[in-house]
Amino acid sequence: MSFRKIVPSIALVFSLVSTLALAAPPEQGRSAGGGGGGSVLSLLPSDAVTDHVLNADGKSIPYTATAGTLNLFGQDGERTAAIFYTAYVAKNRDPGRPITFVFNGGPGAASAFLSLGLVGPRVLDFGPSGRDGANAKLVDNPHSWLNFTDLVLIDPIGTGWSRTAKADDANEFYNMRADAESLAKAIALYVAHNGRADSPKFILGESYGGLRAAKVATSLRQDQGILISGIVMLSPLIEGRLVFGANDLALGAALELPSLAAAELERKNAFNEQGVQDAEKFALNEYLPALAGKPPTGDAGRVFYDRVAKLTGIPEDVVAKNQGFLGGVYQKHSDGDGADIVSSYDASFLAPDPYPESEAGRSDDPILDGFVRAYGGAFSSYARDELGFHTDMTYNLLSSSVNEHWNWGGRNGGSRLHASGTDDIKEMLTLVPSFRLMVAQGYSDLIVPFGVNKYVLDHLPPAFADRVALNLYRGGHMFYTRPTSREQFTADAKAFFTAPPVIVPAVQSN
């Protein structure tokens with residue numbers, strides 16, 4: 001879900017001490033079925049456990065799938081919430097086999113995107129065009145991450161089938177701190193109930209889930225005594241001030257420009273990495289100084305705006321009118337004839353513009369609100385028909401309520417501009433010598449342009465360089481909807497998981 005669409009609202013921030021203090025004993029914490037006390041939680045069945053075989057990477061992997069819930073309890077012993085999860089665990093696993101905890105972002109997105117789009121044993125095929133959600137079909141995923149790690153996909157409160165016992169309590173979870181603490185608690189419960197204390201533990205988070213991954217890792221370390229071996233961030237929000245300033249700040253615009261150039265190369269069927277690298281050099285060495293200073297005029301202005309226009313496909317007169325700032329105009333003006341609109345989720349993706357007479361974009365996003373919505377219905381059917389999890393509760397793929405009521409911290413709900421995970425990353429790299437970070441981005445993503453996170457990683461202390469990587473793929477925010485990019489990303493993730501840890505030697509004092 002796009003956090004560009006979020007309108008931060010006031011949400012009361014309550015302490016989660018009473019909510020998270022008590023966990024059920026193992027024999028009670030495995031299932032939310034029964035004892036719902038008339039709340040919506042009574043619609044949740046007992047955990048469903050089924051056996052399957054995955055054929056991936058040239059081998060057969062027998063595994064157990066569990067679709068179930070983890071309970072959170074208050075100080076009075078009453079269940080306050082149930083967190084839905086789907087686990088895929090290989091049978092006869094090696095003692096050192098890692099386990100990866102997975103969640104999406106939004107805030108307000110359920111894990112079905114990553115479950116059926118990337119890591120799970122089943123994947124949703126959108127047909128030859130790659131965008132036919134109405135006729136999408138579930139097929140076996142030959143590139144499932146189950147090939148090299150066990151998986152636990154978790155839906156935060158308010159998404160999927162995760163709910164609070166009392167509807168009025170839901171807002172208590174809709175802030176960065178409470179969200180991280182509740183997910184850390186759920187992970188700790190799963191680890192305890194399933195004897196995974198000795199397993200290497202990783203986190204995969206997409207979009208806002210990248211920021212969430214950093215916050216959850218911090219909460220696990222501080223509150224649960226669990227250390228994470230590594231994090232994979234997919235198209236992550238790490239620094240809000242760099243993501244949300246592209247429309248009027250020179251640095252934000254410069255970090256966005258290479259993604260616009262990559263999208264234009266894709267639309268012309270001329271994509272090449274050298275072309276993107278040339279755009280990066282221009283963006284930081286010429287474009288940024290021009291935007292930061294007095295707008296160029298005369299012949300110099302015409303040369304400058306013409307070059308930007310050729311890089312991005314946006315008409316020169318539009319570029320000049322906006323003095324080179326393109327964040328507010330690319331959706332309506334990237335297509336030469338004006339008949340199409342582009343998606344923020346993949347700027348190379350064109351769809352017919354339903355409002356061509358309007359200067360500003362008015363329609364829903366053709367990717368987020370288009371074909372990928374099929375993940376919700378597909379997962380609901382998959383959980384029922386293949387995993388045996390039967391409930392009449394609606395599976396909430398994208399929750400507008402969570403999104404609209406999210407509290408970013410600070411007064412009056414805070415600001416997404418202040419959202420930051422950089423300090424969490426620095427502390428993990430410092431305090432856990434074997435910790436590693438992989439950031440994966442799509443070239444033509446304009447929700448979080450890859451230039452933004454390249455900037456963030458480039459400005460980490462040099463001592464961390466060997467344990468931090470940025471990998472780029474063709475496509476946008478959800479580049480894994482492209483089969484080729486999904487296969488490449490999976491291969492890179494396997495190398496990341498199976499690489500021997502880089503141990504930083506202790507500094508000896510004199």
Test salt bridge (Lys or Arg N to Asp or Glu O under 4.0 Å) on Asp424 and Lys215; report intermediate values, then the result. CA-CA 7 Å; Asp424 299 273; Lys215 300 299 182 182; 2.8 Å; yes
Here the gap from Phe101 atom CZ to Ile226 atom CD1, rounded to the nearest 0.5 Å, amounts to 7.5 Å
What do you reckon, are the aromatic ring centroids of Tyr443 and Phe450 less than 6.0 Å apart? yes
Between Asn322 and Val318, is there a donor-acceptor pair closer than 3.5 Å when you use the side chain of the first and the backbone of the second? yes
>> Treating Ser380 as the side-chain partner and Gly376 as the backbone partner, does any N or O pair qualify as donor plus acceptor under 3.5 Å?
In response: no
Residues Asp346 and Gly476: closest non-hydrogen pair is OD2-N, 3.5 Å
Do Trp145 and Phe202 have ring centroids that are under 6.0 Å from one another?
no
Here the pair of heavy atoms bringing Phe126 nearest to Gly133 is CD2-CA, 3.9 Å
*Short side-chain to backbone donor-acceptor contact, Asp223 and Ala184, under 3.5 Å*: no
For Arg373 and Leu368, the nearest pair of non-hydrogen atoms, with its separation, is NE-O, 3.5 Å
Report task. Would you check if the side chain of Ser144 reaches a backbone N or O of Gly120 as a donor-acceptor pair within less than 3.5 Å? Result -> yes
Step-by-step side chain to side chain contact (heavy atoms under 4.5 Å, CB included) determination, Val232 to Ile203: CA-CA 6 Å; Val232 179; Ile203 295 177; over 6 Å; no
One should read off an interatomic distance between Trp408 CH2 and Ser415 OG, to the nearest 0.5 angstrom, of 9.0 Å
Yes or no on side-chain hydrogen bond (donor to acceptor under 3.5 Å, both in side chains) for Ser444 and Ser259, after CA distance, side-chain angles and deciding distance? CA-CA 5 Å; Ser444 46; Ser259 291; over 6 Å; no
Does one side chain, of Ser219 or Glu181, offer a donor that lies under 3.5 Å from an acceptor on the other? no
d(Gln441 CD, Phe489 CZ) to nearest 0.5 Å is 10.0 Å
Residues Lys310, Asp306; criterion salt bridge (Lys or Arg N to Asp or Glu O under 4.0 Å); working and verdict: CA-CA 6 Å; Lys310 289 178 178 176; Asp306 177 68; 3.2 Å; yes
From the list Tyr208, Tyr375, Phe103, ring pair (Phe, Tyr, Trp, His ring centres under 6.0 Å) partner of Phe113 resolves to Tyr375
In terms of heavy-atom contacts, Leu118 and Arg486 come closest through CD1-CG, 3.8 Å
Side chain of Arg221, backbone of Val216: donor and acceptor closer than 3.5 Å? no
Does the ring of Phe496 carry Arg436 above it, NZ/CZ under 6.0 angstrom from centre and within 45° of its axis? yes
| field | Asp369 side chain vs Asp365 backbone, donor-acceptor pair below 3.5 Å | value | yes
Output for pair (Tyr345 OH, Ser235 OG), nearest 0.5 Å, gives 10.5 Å
Start with the C-alpha distance between Leu251 and Arg241, add both sets of side-chain angles, then the distance that settles side chain to side chain contact (heavy atoms under 4.5 Å, CB included), and finish with yes or no. CA-CA 10 Å; Leu251 179 58; Arg241 60 197 172 95; over 6 Å; no
May I ask you to establish whether Arg122 and Tyr382 are in a cation-pi arrangement, using a distance under 6.0 Å from NZ or CZ to the six-membered ring centre and at most 45° from the ring axis? no
In terms of heavy-atom contacts, Leu326 and Glu256 come closest through C-OE1, 4.3 Å
dist Arg131:CZ -> Ile367:CD1 (nearest 0.5 Å) comes out at 8.0 Å
Cation over ring face, Arg416 and Phe244, 6.0 Å, 45°: yes
### Query
Side chain of Thr218, backbone of Ala214: donor and acceptor closer than 3.5 Å?
yes
message = With a 3.5 Å distance limit and no angle check, can you tell me whether Thr159 reaches the backbone of Pro156 through a side-chain donor-acceptor pair?
response = yes
**Request:** Could you check if a side-chain atom of Ile187 sits within less than 4.5 angstrom of a side-chain atom of Gln224, using non-hydrogen atoms only?
**Result:** no
Here the gap from Tyr473 atom OH to Phe479 atom CZ, rounded to the nearest 0.5 Å, amounts to 6.0 Å
Sub-3.5 Å donor-acceptor pair from the side chain of Asp125 to the main-chain atoms of Ala136, do we have one? no
inquiry  = Evaluate Glu286 against Arg307 for salt bridge (Lys or Arg N to Asp or Glu O under 4.0 Å), listing each step before the verdict.
reply    = CA-CA 11 Å; Glu286 299 180 52; Arg307 184 168 182 184; 3.3 Å; yes
Quick one: do Tyr174 and Asn403 satisfy side-chain hydrogen bond (donor to acceptor under 3.5 Å, both in side chains)? Show the steps, please. CA-CA 8 Å; Tyr174 298 166; Asn403 196 278; over 6 Å; no
Item to check | Worked check of salt bridge (Lys or Arg N to Asp or Glu O under 4.0 Å) between Arg482 and Glu266 | outcome: CA-CA 13 Å; Arg482 298 190 182 196; Glu266 287 279 16; 3.4 Å; yes
Nearest heavy-atom contact between Pro315 and Ala309 is C-CB, 4.1 Å
(message) Quick one: does any side-chain atom of Ser182 pair with a main-chain N or O of Ala178 as donor and acceptor, under 3.5 Å?
(response) yes
Yes or no on side chain to side chain contact (heavy atoms under 4.5 Å, CB included) for Tyr88 and Asp150, after CA distance, side-chain angles and deciding distance? CA-CA 6 Å; Tyr88 306 104; Asp150 292 336; over 6 Å; no
Q: Assess whether side-chain hydrogen bond (donor to acceptor under 3.5 Å, both in side chains) is satisfied between Gln488 and Asp492, documenting all intermediate values.
A: CA-CA 6 Å; Gln488 291 173 345; Asp492 291 339; over 6 Å; no
